[in-house]
Chemist: 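Quick one: this structure, given as structure tokens, is what I'll be asking you about.
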Number of protein chains: 2
Amino acid sequence: MAKPTRQYHHGNLRSALIEAAIPLLEAQGPGALSLREVAKAAGVSHAAPYRHFADKTALLEEIAARGYDTLTQACHKAQKRYVDDPAQQLVEAGIGYLLFVVEQPRVAHLMFGGMIALDACGEVLQQSSATAFKSLVDIVDGGVKAGVFRTAPAQELTLAAWSMVHGLASLIASGMLTGIADNRREVRRLGRQLAETLLHGMLANDKRT
Amino acid sequence: MAKPTRQYHHGNLRSALIEAAIPLLEAQGPGALSLREVAKAAGVSHAAPYRHFADKTALLEEIAARGYDTLTQACHKAQKRYVDDPAQQLVEAGIGYLLFVVEQPRVAHLMFGGMIALDACGEVLQQSSATAFKSLVDIVDGGVKAGVFRTAPAQELTLAAWSMVHGLASLIASGMLTGIADNRREVRRLGRQLAETLLHGMLANDKRT
DNA sequence: ACCTGAACACCGTTCAAGT
DNA sequence: ACCTGAACACCGTTCAAGT
């Protein structure tokens, strides 16, 4: 996707495999993706990848982990960009996540589990996803401490926010919203719209119990 | 899971295959599930399934479709049980969904896409998922008309509710919440908790713009 | 009409052997 | 140290042939 990458005959095959795998993954979906195919795309024999990845799953996990890192970065960016406005931080981080998902839906699905059991996956993935979650908790925690968000365990509110953005992301990635969330502009609009509901709630006359 | 099912030598193999597939699916995850294995579990040759399903995907789609039907039924039940209380209907429907996901997480993942591109899937699945979504829209629409929910396009609020419950379901199914949402009681609690946030919002001082 | 067995092209993974 | 080629057990799918 970036550089020409030609003579990896003894360059770093590891990265080359990952870079070769992602477009294939996006083109035909996981499950249909074969390690042999990735090897061929990288210009090596079908056995070569095993010198760098223990497993087909190990390759997929690495790709998924990078996805989580992207989300983490989106959180950090949002925090720096909207200091002292936690609500806006939340909205921007969420939209960053959504945009990533629109661009690489199959990679997103890898992150969502299903192929890889996040339950019992390698440390790389477990770490990356935990870090991403922590970044979100940070934002929400800041909002609670600043008195912007309701006083509640930050984890509780974070889970709500995470569920909402993750749910929307999942719906987009699975094509359930085809026709509603096809391009970046529509996704931005949807993200803002849902954030509105998340912040203000659904009720008409809220007695705020 | 229910009946003994012995002599399907010319009974309805179709259902037998589905019933045989689900436990295998739950045991080892999709992708690892092989059609040959399902056939063996059903006591037929590996070629027999092709008389009833065009494809391995066709079998999986049917299973996913049944999952969506379960969600639809959860919506209907909740509507009947809490007439004139749309908020409670929403909560109960959501919890029904979550409980299904805890019990059959791999089937849930099938529904969430990833394996099957919901984008371009068979009519069976497309219909079932559309029906499920419509059931949720019905509940929200009732709430808007009754003045309980904010005045907004029902689809907009529904998408928020759907995203939240679907997101939480996805997190549970992928094992991301292991230790927090392991049994039915914890899931019920989590569901109610998130519903609270969805209904009341996250903000401390809501100016309700 | 429904099922079987052999067959084909493809996989993931392993391992001795090459450079 | 890193890569290759052959090999093994498995898969999805097809198709002639059986009942």
Side-chain angles (χ1 to χ4, degrees), chain A residues 5-64 106 110 114-117 120-122 125, chain B residues 5-64 106 110 114-117 120-122 125:
Chain A
T5 63
R6 259 158 222 166
Q7 63 282 47
Y8 26 64
H9 279 265
H10 24 86
N12 55 344
L13 184 59
R14 188 184 167 84
S15 323
L17 286 168
I18 295 176
E19 276 170 34
I22 291 179
L24 286 172
L25 177 68
E26 287 300 332
Q28 15 169 314
L33 178 73
S34 88
L35 208 47
R36 289 171 106 107
E37 202 176 6
V38 174
K40 192 185 290 180
V44 292
S45 87
H46 62 265
Y50 288 86
R51 201 58 46 175
H52 300 271
F53 296 99
D55 226 331
K56 183 186 176 184
T57 304
L59 210 198
L60 296 180
E61 279 193 18
E62 179 97 16
I63 294 175
R106 315 277 201 174
L110 236 46
M115 327 254 111
I116 312 163
C121 64
L125 222 188
Chain B
T5 61
R6 260 159 222 166
Q7 64 282 51
Y8 28 62
H9 278 267
H10 24 86
N12 55 345
L13 183 62
R14 187 184 168 84
S15 322
L17 285 168
I18 294 176
E19 277 171 35
I22 292 179
L24 285 171
L25 177 67
E26 286 300 332
Q28 15 169 314
L33 178 73
S34 88
L35 208 46
R36 289 172 107 109
E37 202 176 5
V38 174
K40 191 184 289 180
V44 292
S45 87
H46 63 264
Y50 288 88
R51 201 59 45 177
H52 299 272
F53 296 98
D55 228 330
K56 182 186 176 184
T57 304
L59 209 198
L60 296 180
E61 281 194 17
E62 180 97 14
I63 294 175
R106 314 276 201 174
L110 235 46
M115 327 254 111
I116 312 163
C121 63
L125 221 189

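Chain A is the first sequence line, chain B the second, and so forth, proteins listed ahead of strands; every chain is numbered from 1.
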Chemist: Whole Å only: how far is the CG atom of B/Leu60 from the P atom of D/dG12?
Modeler: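 The distance from CG of B/Leu60 to P of D/dG12 comes to 10 Å, rounded to the nearest Å.
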Chemist: Let me know the distance between CG of A/Leu13 and P of D/dT4, rounded to the nearest Å.
Modeler: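 Computing the A/Leu13:CG to D/dT4:P distance gives 8 Å.
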Chemist: Would you give me the side-chain donor-acceptor pairs under 3.5 Å for residues 20-32 of chain A, sequence neighbours excluded?
Modeler:
unit_1, atom_1, unit_2, atom_2, d
A/Glu26, OE1, A/Arg106, N, 3.3
A/Glu26, OE2, A/Arg106, N, 3.1
A/Glu26, OE2, A/Val107, N, 2.9
A/Gln28, NE2, A/Glu37, OE2, 2.8

Chemist: Got a sec? Which of residues 48-58 of chain B come in under 4.0 Å of DNA chain D, heavy atoms?
Modeler: B/Tyr50, B/Asp55, B/Lys56
Chemist: Starting at CD of A/Glu37 and ending at C1' of C/dA9, how long is that distance when rounded to a whole Å?
Modeler: 14 Å
Chemist: Which stems does DNA chain D form, counting runs of 3 or more consecutive Watson-Crick or G-U wobble pairs with both distances under 3.5 Å?
Modeler: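 For DNA chain D the paired stretches long enough to count as stems (3 pairs minimum) are C:4-8 with D:12-16, C:12-16 with D:4-8.
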Chemist: Give the minimum heavy-atom separation between B/Val38 and B/Leu17, together with the two atoms involved.
Modeler: CG1-O, 3.6 Å
Chemist: Among all residues two or more places apart in sequence or in another chain, which pass the side chain to side chain donor-acceptor pair (under 3.5 Å) test with A/Ser15?
Modeler: A/Asn12
Chemist: Using whole Å, report how far CG of B/Leu35 lies from C1' of C/dC11.
Modeler: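 Interatomic distance, CG of B/Leu35 to C1' of C/dC11: 16 Å.
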Chemist: What residues, two or more places apart in sequence or in another chain, satisfy side-chain contact (heavy atoms from CB on, under 4.5 Å) together with B/Ala47?
Modeler: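 Partners of B/Ala47 under the side-chain contact (heavy atoms from CB on, under 4.5 Å) test: B/Ser45.
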Chemist: Take the protein atom CG of B/Leu59 and the nucleotide atom P of D/dC11, then report the distance between them rounded to whole Å.
Modeler: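 After rounding, the reported distance stands at 15 Å.
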Chemist: Shortest non-hydrogen contact from A/Leu59 to A/Leu35?
Modeler: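 Here A/Leu59 and A/Leu35 meet closest at CD1-CD1, 3.6 Å.
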Chemist: Quick one: which residue pairs count as a salt bridge (charged side-chain N to carboxylate O under 4.0 Å, His left out) with a foot in residues 42-64 of chain B, not counting sequence neighbours?
Modeler: B/Arg14-B/Glu62
Chemist: Mind listing the closest non-hydrogen atom pair of A/Leu60 and A/Leu110 along with its distance?
Modeler: O-CD2, 3.7 Å
Chemist: Report the distance from atom CZ of A/Arg14 to atom C1' of D/dA1, rounded to the nearest whole Å.
Modeler: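 Going from A/Arg14 (CZ) to D/dA1 (C1'), I get 16 Å.
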Chemist: Can you measure B/His46 atom NE2 to C/dC10 atom P for me and round it to whole angstrom units?
Modeler: 18 Å
Chemist: Between P on D/dC11 and CG on B/Leu24, what's the gap in Å once rounded to a whole number?
Modeler: 11 Å
Chemist: Under 4.0 Å, heavy atom to any atom of DNA chain C: which of residues 26-34 of chain A qualify?
Modeler: A/Leu33, A/Ser34
